Protein chains: 2
Amino acid sequence: MFSKSCEYGLRAVIFIAQQSHLGHKASLTSISQAVDSPPAFTAKILQQLVKNNLIDSSKGPKGGFFMAPEAMKNLTLEAVVSVLDGDSIYTNCGLGLKQCNDKKPCPLHFKFVAIKEELQAMLQNTTLIMLVNEMNLDRFHLKR
Amino acid sequence: MFSKSCEYGLRAVIFIAQQSHLGHKASLTSISQAVDSPPAFTAKILQQLVKNNLIDSSKGPKGGFFMAPEAMKNLTLEAVVSVLDGDSIYTNCGLGLKQCNDKKPCPLHFKFVAIKEELQAMLQNTTLIMLVNEMNLDRFHLKR
DNA sequence: TCAATAAAGGACAATTTTATCCTATATTAA
DNA sequence: TTAATATAGGATAAAATTGTCCTTTATTGA
Ligand code: FES
Ligand code: FES
């Protein structure tokens with residue numbers, strides 16, 4: 001469904017949001033331990049998210065990755081996926097045709113479109129703050 | 001969503017079904033032209049489908065790939081996906097956790113499950129004969 | 001029988017994705 | 001000011017996916 005980069009990125013962002021909500025910055029080490037992802041690879045992914053202003057970072061001791069409370073309310077999973085995997089998951093043909101549209105559809109086009117729209121809506125409608133609040137219920141996991 | 005192998009395989013199977021419905025066998029060459037896929041690679045994919053008895057083949061002049069009318073009624077897209085990509089698309093965690101279940105869910109588990117079940121149902125409920133009949137409407141494409 | 005045709009299958013090559021390593025740069029606190 | 005900590009980023013490396021090439025085997029029709 002998503003690339004490994006995107007999976008790690010989503011898990012990392014959720015963890016960062018949790019920590020930010022508690023007033024902590026999350027170091028690369030703490031993130032990759034919390035979400036069980038390779039540290040150096042995770043660093044690259046987080047760099048992309050910082051560059052695209054989805055999250056913030058600061059160097060030095062006491063540094064790490066974090067999000068402003070404001071950002072947490074506005075940041076959707078869709079934005080994260082968009083930066084890491086692009087919009088191909090919504091716009092590509094499920095059968096791999098070079099273009100996907102209603103004019104020249106593959107035999108499964110309309111069925112795929114319905115599912116892809118549902119996925120996109122779900123990601124667009126889920127903000128980080130929503131997940132953080134749910135996660136407080138302590139039922140949900142980010143590793144294994 | 002699917003691997004390239006699976007995309008080519010699905011397109012090829014739909015074309016083979018079309019041709020079989022017309023009483024023709026489909027040669028590798030005709031298939032890879034019709035669905036715009038690399039011939040040698042497509043051959044490997046079709047071999048897998050033959051080995052798993054989803055489609056039939058015969059060697060020699062006038063040989064090619066084909067399906068019995070019976071098979072066409074029973075063969076679902078889900079069966080094709082299952083052989084080529086396994087069931088990972090339905091059973092894997094959307095965030096990449098090693099196991100996906102209700103007991104130890106990731107924060108998106110229940111939302112993902114709904115979408116994955118819809119996809120699976122769609123593939124299970126779509127038989128090749130259904131697609132062939134729709135394709136007769138001549139609105140749908142298998143290349144570009 | 002023989003030549004042509006077509007799938008089967010093994011070996012290998014290219015590309016993309018995933019992942020690591022190492023150095024540079026910035027920041028903090030003692 | 002210095003030592004320690006932490007992100008940034010370039011250069012590679014490993015692994016998985018995608019794709020090609022070539023030989024073998026089977027079948028058909030002349
Ligand atoms: S053309 Fe295939 S999903 Fe749209
Ligand atoms: S545990 Fe993540 S989708 Fe089920």
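Small disclaimer: the values here were computed from a predicted structure and weren't measured. Here is how names work: the chains are called A, B, and so on, in the same order as the sequence lines, proteins then strands, and each is numbered from 1.
- Using a 4.0 Å heavy-atom distance criterion, A:T29 is classed as making no nucleic acid contact.
- With no hydrogens or angles considered, a side-chain donor-acceptor pair links B:S3 and B:D85 at under 3.5 Å.
- Here A:R11 does not pair with A:D36 in a salt bridge; the nearest charged N to carboxylate O distance is not below 4.0 Å.
- The side chain of B:S57 contributes no N or O atom lying less than 4.0 Å from OP1 or OP2 of C:dA6.
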Atom pairs, protein N/O to nucleotides 24-30 of chain C N/O, distance under 3.5 Å:
from, atom 1, to, atom 2, distance (Å)
C:dT25, O2, A:K59, NZ, 3.2

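- Regarding B:F65, its CZ atom lies at a distance of 14 Å from the P atom of D:dT27, rounded to whole Å.
- The CD-P distance, from A:Q48 to C:dT18, rounds to 12 Å in whole Å.
- Under 3.5 Å, the side chains of B:S32 and B:S37 contain no donor-acceptor pair of N or O atoms.
- Residue A:Y8 places none of its side-chain N or O atoms closer than 4.0 Å to OP1 or OP2 of C:dT18.
- Screening residues 25-76 of chain A for ring-ring contact (aromatic ring centres under 6.0 Å, His included) gives A:Y8-A:F41 as the qualifying pairs, with residues at least two apart or on separate chains.
- Of the residues B:L75, B:L84, B:V13, B:L46, the one that meets the side-chain contact (heavy atoms from CB on, under 4.5 Å) test with B:L54 is B:L75.
- Nucleotide C:dA13 holds its C1' atom 13 Å from the CZ atom of B:F41, rounded to whole Å.
- Below the 3.5 angstrom threshold, one finds a donor paired with an acceptor across the side chain of A:K44 and the base of D:dG10.
- Between the P atom of C:dA6 and the NE2 atom of B:H24 lies a distance of 15 Å, rounded to the nearest Å.
- Here the side chain of B:K4 is nearest to one of D:dT18, D:dA8, D:dT20, namely D:dT18.
- Under the salt bridge (Lys or Arg N to Asp or Glu O under 4.0 Å) criterion, B:R139 pairs with no residue at all, not counting sequence neighbours.
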